[in-house]
There are 2 protein chains.
Amino acid sequence: MPKIVDKKQMQKKILNAAMKTFIKEGFHNSTMAKIAKEAGIAKGTLYLYFDSKEALSIAFVDRYFAKMKTWLNQQGEAKTLDEFIFHIKTSLLIDEEEAKFIPVFFEAFGPSFGSEAFRKTIADYFDKMGNFYSQNIAQLIINKEIHSDISPQTIGRVLVSMIDGIMLHYGLFSQERENYENMLNESLHLFKQGLLKRD
Amino acid sequence: MPKIVDKKQMQKKILNAAMKTFIKEGFHNSTMAKIAKEAGIAKGTLYLYFDSKEALSIAFVDRYFAKMKTWLNQQGEAKTLDEFIFHIKTSLLIDEEEAKFIPVFFEAFGPSFGSEAFRKTIADYFDKMGNFYSQNIAQLIINKEIHSDISPQTIGRVLVSMIDGIMLHYGLFSQERENYENMLNESLHLFKQGLLKRD
DNA sequence: TATTTTAATGACTATTTGGTCATAAAAAGG
DNA sequence: CCTTTTTATGACCAAATAGTCATTAAAATA
């Protein structure tokens with residue numbers, strides 16, 4: 001009796017079209033009509049799968065961060081400070097392709113920072129990352145690898161901010177790769193010295 | 001014969017109104033009409049002083065960075081590590097009003113990150129800040145306040161990235177003020193321990 | 001194939017808003 | 001106080017675009 005469509009498949013198709021349109025036109029010139037056309041459907045159809053442009057944007061960003069969340073969930077807990085520092089280094093060593101997407105991200109979603117919902121989506125991701133670090137730091141304090149006069153909750157979230165800052169500056173201001181790796185080593189050294197338990 | 005008005009004074013007044021409106025409404029909801037109203041003038045009058053909304057935005061961002069550069073130039077060199085850390089704390093302790101402007105900045109100028117020239121303008125500012133820190137760190141190494149196995153040039157620029165990261169996360173993800181100050185203290189402690197010369 | 005239910009369509013609406021312009025007001029000097 | 005020049009005003013216009021809805025198409029099943 002009823003016509004049946006794979007909703008998720010359709011949303012995926014639309015999100016792919018959105019990506020193409022965003023890259024080609026810039027985010028704020030990407031009208032719902034253009035995105036629909038790129039997906040090969042009518043505007044009304046698009047609204048059957050996303051209630052609003054904001055909903056579409058949020059779904060887009062969600063998918064963008066999904067990969068990183070998956071990566072995060074795969075990470076095991078570090079048992080030593082060195083291992084912990086290595087974890088951080090791994091998360092900072094994004095490849096050059098990924099770095100090039102950072103300015104595009106701001107170009108595309110800069111205007112979205114006006115939306116509370118949008119900011120919350122991103123904030124949730126960083127909070128999750130912060131909690132991951134916090135738990136690990138708490139464990140490392142128990143293991144007596146890290147000195148105990150710091151708050152794991154606070155320093156975990158701070159670490160995320162600092163790491164993000166380093167990554168953003170790399171992506172936005174395109175320092176040389178070699179230079180970036182120097183900076184990584186220096187900052188990781190600083191992190192390690194800052195966290196180290198002294199006897 | 002002619003009625004005469006101080007153009008610069010008027011532009012300043014309008015830019016102040018724009019700032020207020022941007023913070024209150026966000027950039028995209030700040031219509032020229034609202035800005036004019038905030039400035040206590042008619043919309044048509046506003047267009048006598050800025051040819052377009054874009055012209056207004058550019059004037060606005062120019063003024064924003066000019067202030068920060070002035071602030072930077074006024075800073076003296078720290079003689080001790082504690083003084084240096086205090087410097088950093090001062091630069092991180094932006095007031096809540098300023099923090100509220102951060103999302104507005106990305107909202108308004110996010111799309112500009114597609115422009116190489118725009119990124120360079122901002123990069124120059126951060127480089128200037130990085131050099132300031134580098135020079136101070138070099139001096140502190142001479143003063144034997146900081147251990148000598150780090151590169152002042154590199155760590156100066158890294159510090160700027162990390163500081164910027166902390167500030168951005170505060171502004172964008174609006175943590176509680178008290179929480180932010182805790183984070184500041186924790187991260188400054190980490191910086192200090194990381195930089196400290198050990199005997 | 002007829003029936004039923006869901007999906008697709010795109011012209012249309014409602015609203016928003018950057019920018020204009022004819023008119024009015026203000027100031028300065030003769 | 002009249003004239004001239006500059007400045008101020010806000011109703012108005014045109015364009016853009018998010019979102020709607022009556023109508024049509026498609027698919028699944030009996």
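All chains are named by letter (A, B, ...) in the order of the sequence lines, taking the proteins before the strands, and each is independently numbered beginning at 1.
Rounded to whole Å, atom P of D:dG19 lies 9 Å from atom NZ of A:Lys53. As rounded to whole Å, 10 Å separates atom P of D:dT20 from atom CE of A:Met32.
One finds a side-chain N or O of A:Thr45 lying less than 4.0 angstrom from the OP1 or OP2 phosphate oxygen of C:dT9. For C:dT5, the OP1/OP2 oxygens have no side-chain nitrogen or oxygen of A:Lys3 closer than 4.0 Å. Under 4.0 angstrom from either OP1 or OP2 of C:dA8 there lies at least one side-chain N or O belonging to A:Tyr49.
Electrostatic pairing of A:Arg177 and A:Glu181 counts as a salt bridge here, judged by a charged N lying under 4.0 Å from a carboxylate O. Contact check on B:Lys120 versus B:Asp124 returns a salt bridge, with a Lys/Arg side-chain nitrogen under 4.0 Å from an Asp/Glu carboxylate oxygen.
A donor N or O paired with an acceptor N or O is found under 3.5 Å between the base of C:dG19 and the side-chain atoms of B:Lys43.
With C:dA7, D:dG10, D:dT20 as the candidates, the nucleotide lying closest to the side chain of A:Tyr47 is D:dT20.
Contacts of B:Phe50 with the nucleic acid, taken as non-hydrogen atoms under 4.0 Å apart, are absent.
A tilted orientation is assigned to the rings of B:Phe126 and A:Phe173, their planes being inclined by 30° to 60°.
In terms of modelled atom types and a separation under 3.5 Å, the side chain of B:Gln139 and the main chain of B:Gln135 share no donor-acceptor contact.
Of the two residues near DNA chain D, A:Glu54 and B:Met10, the one whose nearest nucleotide lies more 5' is B:Met10. Between A:Leu48 and B:Ser30, the residue anchored closer to the 5' end of DNA chain C is A:Leu48, taking for each the nucleotide with the nearest heavy atom.
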